[in-house]
2 protein chains.
Amino acid sequence: MSKTIPPFSHLLPRQNESEIIKFDERNQTDDFKKIIRAMGLKITEQRMLILRCLHDAEVQSGERHVTAQELFEKVAAVDSSVGFATVYRFLRNLAEKKFVTEVRMGGQSSRYELTTQHHHDHLTCTSCGKICEFENPKIEKLQSQVADHFGFILTSHILELYGLCPSCQAKPPVK
Amino acid sequence: MSKTIPPFSHLLPRQNESEIIKFDERNQTDDFKKIIRAMGLKITEQRMLILRCLHDAEVQSGERHVTAQELFEKVAAVDSSVGFATVYRFLRNLAEKKFVTEVRMGGQSSRYELTTQHHHDHLTCTSCGKICEFENPKIEKLQSQVADHFGFILTSHILELYGLCPSCQAKPPVK
DNA sequence: TTGGTATTGAAAATCATTCTCAATCTCAGG
DNA sequence: CCTGAGATTGAGAATGATTTTCAATACCAA
Ligand SMILES: [Zn+2]
Ligand SMILES: [Zn+2]
Ligand SMILES: [Zn+2]
Ligand SMILES: [Zn+2]
């Protein structure tokens with residue numbers, strides 16, 4: 001079994017370096033519980049399942065940036081009794097506590113991703129939906145300079161680039 | 001009477017330099033008609049009024065970035081028989097033909113502004129709503145470089161900065 | 001003037017998101 | 001292991017922005 005990093009570990013209260021626990025299936029459950037407790041919420045089956053679906057979508061299927069609806073469908077596939085509002089509410093909780101990051105692309109519905117150690121922005125293919133993440137310190141710095149110039153205290157920003165990905169450039173136009 | 005620039009003139013089919021007409025109240029009506037015709041649409045009272053309200057809001061009241069609802073209210077104040085859908089539809093037409101630019105800020109409702117000669121982005125105060133426009137060629141160039149790096153053809157982008165404006169920094173926090 | 005279309009207003013439909021509330025569940029304390 | 005105060009849940013309704021539908025009406029080329 002390969003050594004993996006505990007989910008969300010960079011966001012949980014920091015522990016002694018030697019205490020960092022190797023993560024495997026066996027204690028995924030415990031890790032999720034820690035996260036829910038860290039949010040000051042009660043542990044429920046629903047929240048555990050939502051967290052698992054969110055984590056698996058990313059780690060197993062490589063699907064970052066899911067919508068609330070998509071996550072709800074994954075959850076419902078396992079337990080159809082879980083309501084949409086529960087998924088939605090918990091996603092909002094996770095976003096408030098920064099365990100997930102909400103990404104708003106244009107006028108579409110919000111997408112959610114596990115929060116990364118470093119801030120990043122997105123480049124999206126308007127034809128197939130492919131999303132690339134990038135980190136560009138120069139752009140970030142220029143943004144601060146713009147805010148400074150107007151005397152603003154910069155608190156956040158949205159930067160989304162849209163274009164055609166390499167494989168969509170090759171294909172004939174859809175319509 | 002001061003010499004003013006015809007509304008939208010930089011977007012209308014270019015004419016002989018010597019033909020550029022001085023703009024005054026008298027031929028505002030004609031200018032608006034040109035714009036509607038340039039979109040391939042029929043001239044109606046409603047469209048003329050919407051265009052006038054949009055133009056006046058900006059030129060007289062200095063209100064850029066109005067929402068569809070706000071524009072509808074301005075229109076309804078003059079002629080309450082005009083429907084919201086008409087305003088909305090026409091705004092969409094104007095945006096398609098690039099006479100206005102739709103600005104989506106976060107998850108809120110779209111705002112519309114007369115299209116400027118040069119592209120710009122926005123810095124918004126999250127406390128009072130003040131909007132500053134800026135143009136930053138360095139950021140624009142870096143964006144292209146990012147797209148190039150991933151092999152994308154960049155077609156558009158959204159860049160919105162959020163922060164606290166100078167006067168809101170001075171005020172005590174609202175809540 | 002007129003007829004074939006485009007346009008309009010009102011209302012209903014969509015869509016994402018949020019709220020409400022009665023029923024149910026969680027867990028600290030006994 | 002109980003218990004009860006309070007948190008959580010699911011269903012559905014509410015909200016808010018935007019879009020569509022459709023019958024009535026207006027535009028304008030001929
Ligand atoms: Zn693509
Ligand atoms: Zn991302
Ligand atoms: Zn302000
Ligand atoms: Zn602007």
Side-chain angles (χ1 to χ4, degrees), chain A residues 29-30 32-51 53 65-97 100-112 158, chain B residues 29-30 32-51 53 65-97 100-112 129:
Chain A
T29 294
D30 292 337
F32 291 161
K33 285 184 180 171
K34 276 181 203 161
I35 289 159
I36 297 172
R37 282 201 203 92
M39 293 195 284
L41 299 174
K42 291 188 173 173
I43 291 163
T44 66
E45 270 183 33
Q46 291 91 334
R47 284 169 179 163
M48 289 297 286
L49 176 58
I50 293 167
L51 218 37
C53 288
H65 313 109
V66 293
T67 61
Q69 183 61 38
E70 285 163 359
L71 181 58
F72 167 67
E73 280 158 18
K74 288 174 196 299
V75 169
V78 180
D79 178 351
S80 64
S81 73
V82 177
F84 180 74
T86 302
V87 173
Y88 212 96
R89 268 183 304 232
F90 189 45
L91 223 28
R92 193 153 21 93
N93 290 332
L94 286 163
E96 278 163 11
K97 297 295 166 40
V100 305
T101 302
E102 185 179 355
V103 185
R104 299 205 90 115
M105 319 240 186
Q108 297 166 265
S109 50
S110 288
R111 293 184 170 273
Y112 300 84
I158 294 174
Chain B
T29 294
D30 291 336
F32 291 160
K33 286 184 181 171
K34 276 182 203 159
I35 290 159
I36 298 173
R37 282 202 203 91
M39 292 195 285
L41 299 175
K42 291 187 174 174
I43 290 162
T44 66
E45 271 183 31
Q46 292 91 331
R47 285 169 177 162
M48 290 297 286
L49 175 58
I50 293 167
L51 219 35
C53 289
H65 313 110
V66 294
T67 61
Q69 182 61 38
E70 285 163 0
L71 181 58
F72 168 68
E73 281 159 17
K74 289 174 197 299
V75 169
V78 180
D79 178 351
S80 65
S81 73
V82 178
F84 179 74
T86 302
V87 173
Y88 212 95
R89 267 184 303 233
F90 190 46
L91 222 29
R92 196 155 17 95
N93 290 332
L94 286 162
E96 276 162 13
K97 297 294 164 40
V100 305
T101 301
E102 185 179 355
V103 186
R104 291 202 163 254
M105 320 244 186
Q108 296 167 265
S109 49
S110 287
R111 294 185 168 273
Y112 300 85

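Side-chain atoms are counted along with the backbone in the values below, which use heavy atoms only and exclude waters and symmetry mates. Chain A is the first sequence line, chain B the second, and so forth, proteins listed ahead of strands; every chain is numbered from 1.
Residue B:Q46 is tested with B:L49, B:I43, B:T44 for a side-chain contact (heavy atoms from CB on, under 4.5 Å); the sole match is B:T44.
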If you apply the rule side-chain contact (heavy atoms from CB on, under 4.5 Å), what do you find for A:R47 with A:K42, and how did you get there? CA-CA 9 Å; A:R47 284 169 179 163; A:K42 291 188 173 173; 4.3 Å; yes

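Within residues 67-83 of chain A, no residue has any heavy atom under 4.0 Å from DNA chain C.
B:T67 is not listed as a side-chain neighbour of B:Q108, based on a closest heavy-atom distance of 4.5 Å or more. Side-chain atoms of A:F90 and A:I36, non-hydrogen and from C-beta on, do get closer than 4.5 Å to each other. Looking only at side-chain heavy atoms (C-beta outward), B:L94 and B:L51 come within less than 4.5 Å of each other.
In this structure, CG on B:L91 lies 11.5 Å from OG1 on B:T86, to the nearest 0.5 angstrom. Taking CD of B:E73 as the start and CD of B:Q69 as the end, the distance is 4.5 Å to the nearest 0.5 Å.
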Going 5' to 3' along nucleotides 19-30 of chain D, which nucleotides have protein heavy atoms under 4.0 Å from the base (write B), which only from the sugar-phosphate (write S), and which from neither (write -)? BBB-----BS--

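Taking only side-chain nitrogens and oxygens, B:R47 comes nearer than 4.0 Å to OP1 or OP2 of C:dT8.
Judged by distance alone, with hydrogens and angles left aside, the side-chain atoms of B:K74 form no donor-acceptor pair with the main-chain N or O of B:C53 at under 3.5 Å.
If you measure from atom CE of A:M48 to atom P of C:dC25, you get 18 Å, rounded to the nearest angstrom. The interatomic distance linking A:L91 (CG) with D:dT9 (C1') rounds to 16 Å, in whole Å. In this structure, the CZ atom of A:R111 is 11 Å from the P atom of C:dA16, given to the nearest Å. When rounded to the nearest whole Å, the span between CZ of A:F90 and P of D:dT9 equals 8 Å. A:I36 has its CD1 atom 12 Å from the C1' atom of D:dT8, to the nearest Å. Residue B:E102 contributes atom CD, which lies 12 Å from atom C1' of D:dA17 at whole-angstrom precision. The distance between atom CG of A:L49 and atom P of D:dT8, rounded to the nearest whole Å, is 17 Å.
Nearest approach of A:V87 to A:A68, heavy atoms of both residues: CG1-O, 4.1 Å.
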